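The block underneath contains the structure these notes are about, expressed in structure tokens.
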Amino acid sequence: MTTTVPVKVPTTPSASGAASWFSDGWITTRRNLIKIKRVPDILVFTTLQPIMFVLLFSYVYAGSIDIPGSNYKEFIMAGIFAQTVVFGSTYSGSAMAQDLKEGIIDRFRTLPMSPSAVLVGRTNGDLLINGISMLVMMATGFIVGWRVRSSFLEALAAVVLLLLFAYALSWVMAFLGMIVRSPEVINNVSFLVLFPLTFISNAFVPSENLPTPLRIFAEYNPVSALVQSARELFGNIPPGAPVGDSWMQQNPIPTVLIGIVVVLAVFVPLSIRKFSQISSR
């Protein structure tokens with residue numbers, strides 16, 4: 001008679017919830033970075049656009065717009081920084097919609113991973129793209145004559161603030177991408193919303209030069225607060241420059257920080273919940 005002797009398989013302690021979450025997030029982030037490596041067109045066109053805007057506004061419009069106490073090249077760079085990172089955040093929405101359309105999300109459903117890992121990887125990948133765009137824009141700006149007039153730490157704070165704003169906005173776009181589920185539609189919707197936000201602001205012309213209805217909109221525009229914050233931290237605001245009457249314009253840095261916290265607090269849970277609903281179907 002044959003007896004079966006149970007064999008005890010050694011077990012390893014399971015990873016904690018936080019460690020597992022970070023691990024899953026890193027894996028999906030790495031997946032998006034590898035995708036950029038395999039499709040370099042994404043990075044090429046993402047970096048060519050800010051270079052084009054820097055050259056266009058610096059040499060085409062610089063002689064037509066007068067900035068008292070400063071030059072237009074220093075005035076415009078913060079606006080181009082803000083415009084680029086804001087439009088760069090739309091890639092989260094279109095890429096999420098593309099993954100849903102191609103069935104990539106269905107493959108992730110079979111894996112023992114955190115539901116938020118896909119979203120974390122998506123937004124982290126776009127954060128890196130925006131960071132590279134910032135470096136390219138700053139290098140181009142230095143070539144055309146833009147200079148940082150503040151300390152290194154203040155300039156670093158400006159870059160971090162711009163990237164955090166874009167990161168928060170990328171969660172909004174990821175949420176919209178899961179609702180719309182069409183890369184073409186999300187691109188059109190993003191353009192319709194973000195185009196007026198960036199151009200009806202103080203990014204390219206002083207807001208006090210705008211007609212009264214547009215000036216009021218610009219002073220309460222979050223992109224205007226972001227641009228004003230970047231100008232302050234880079235030291236590109238000339239002494240005695242007019243400041244808008246709204247609290248947002250007089251306190252741009254706290255405004256942007258509060259906005260980032262509110263957007264993340266609202267759209268991170270909404271995006272994770274929406275992704276969980278899609279994955280459970």
Side-chain angles (χ1 to χ4, degrees), residues 45-46 49-50 52-58 60-62 64-65 67 72 75-97 126 129-130 133-134 137 161-177 179-180 182-231 242-253 255-260 262-264 266-267 270:
F45 286 103
T46 303
Q49 180 179 336
M52 180 189 69
F53 274 107
V54 171
L55 298 177
L56 178 66
F57 282 96
S58 297
V60 176
Y61 298 114
S64 303
I65 302 177
I67 306 297
Y72 189 67
F75 176 86
I76 195 62
M77 285 306 300
I80 297 176
F81 291 154
Q83 180 202 43
T84 302
V85 298
V86 165
F87 276 98
S89 65
T90 61
Y91 187 66
S92 289
S94 60
M96 183 60 66
D126 296 343
I129 293 177
N130 274 322
S133 297
M134 279 292 303
M137 283 187 295
L161 194 67
L162 286 161
L163 293 179
L164 284 177
F165 187 91
Y167 182 73
L169 196 58
S170 66
W171 280 93
V172 180
M173 294 302 165
F175 179 72
L176 294 177
I179 294 177
V180 176
S182 171
E184 296 79 14
V185 174
I186 191 64
N187 288 332
N188 292 334
V189 171
S190 301
F191 181 81
L192 290 175
V193 174
L194 298 180
F195 189 84
L197 281 177
T198 53
F199 281 89
I200 309 178
S201 68
N202 61 357
F204 305 109
V205 294
S207 57
E208 59 270 13
N209 293 352
L210 298 173
T212 301
L214 298 182
R215 177 181 57 80
I216 295 174
F217 180 86
E219 289 189 354
Y220 290 92
N221 185 346
V223 175
S224 292
L226 178 65
V227 173
Q228 188 74 4
S229 300
R231 287 193 181 120
V243 180
D245 297 329
S246 67
W247 187 90
M248 293 174 62
Q249 286 297 297
Q250 295 178 0
N251 303 274
I253 298 176
T255 297
V256 174
L257 291 174
I258 292 171
I260 290 171
V262 170
V263 169
L264 289 175
V266 171
F267 281 94
L270 280 178

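Source: prediction; values computed, not measured. Note: hydrogens, waters and symmetry copies are ignored here, and every other heavy atom, side chains too, is used.
Sorted by first and then second residue, the pairs that involve residues 209-223 and meet salt bridge (Lys or Arg N to Asp or Glu O under 4.0 Å), not counting sequence neighbours, are R215-E219.
Contact of the F81 side chain with the F53 side chain is not registered, since no non-hydrogen atoms from C-beta on lie closer than 4.5 Å. M248 places none of its side-chain heavy atoms less than 4.5 Å from the side chain of S224. You'll find the side chain of N202 reaches within 4.5 Å of the side chain of Q249, heavy atoms only. Between I260 and L161, some side-chain heavy-atom pair lies under the 4.5 Å cut-off.
When every heavy atom of S94 is checked against every heavy atom of N187, the shortest pair comes out as CB-OD1, 3.5 Å. Residues S201 and A218 come closest through the heavy atom pair CA-CB, 3.8 Å. The two residues T84 and S133 make their nearest non-hydrogen contact at CG2-CB, 4.1 Å. The shortest non-hydrogen separation linking A82 to V227 is CB-CG2, 3.6 Å.
Here the CD1-CE distance, from I179 to M96, works out to 12.0 Å after rounding to the nearest 0.5 Å. For the atom pair CD1 (I253) and CG (L226), the distance works out to 10.5 Å, reported to the nearest 0.5 Å. Taking CG from N251 and CG from L257, the interatomic distance works out to 11.5 Å, rounded to the nearest 0.5 Å.
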Problem set entry | Derivation and outcome, side-chain contact (heavy atoms from CB on, under 4.5 Å), residues W247 and Y220 | CA-CA 9 Å; W247 187 90; Y220 290 92; over 6 Å; no
Problem set entry | Audit row: F75, R231, side-chain contact (heavy atoms from CB on, under 4.5 Å) steps and yes/no | CA-CA 8 Å; F75 176 86; R231 287 193 181 120; 3.3 Å; yes
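Remark: F175 pairs with F267 by the ring-ring contact (aromatic ring centres under 6.0 Å, His included) rule, at least two apart or across chains. Take P211 and apply the side-chain contact (heavy atoms from CB on, under 4.5 Å) test, not counting sequence neighbours, and it matches P213, L214. In this view, S89 and L169, S170, M173 satisfy the side-chain contact (heavy atoms from CB on, under 4.5 Å) rule, not counting sequence neighbours. The side-chain hydrogen bond (donor to acceptor under 3.5 Å, both in side chains) test applied to D126 returns S92, R122, not counting sequence neighbours.
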Side-chain donor-acceptor pairs under 3.5 Å in residues 189-200, sequence neighbours left out?
unit_1	atom_1	unit_2	atom_2	d
S190	OG	I186	O	2.7
T198	OG1	L194	O	3.0
T198	OG1	F195	O	3.0

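The aromatic rings of Y167 and W171 sit perpendicular, their planes meeting at an angle over 60°, well past the 30° parallel limit.
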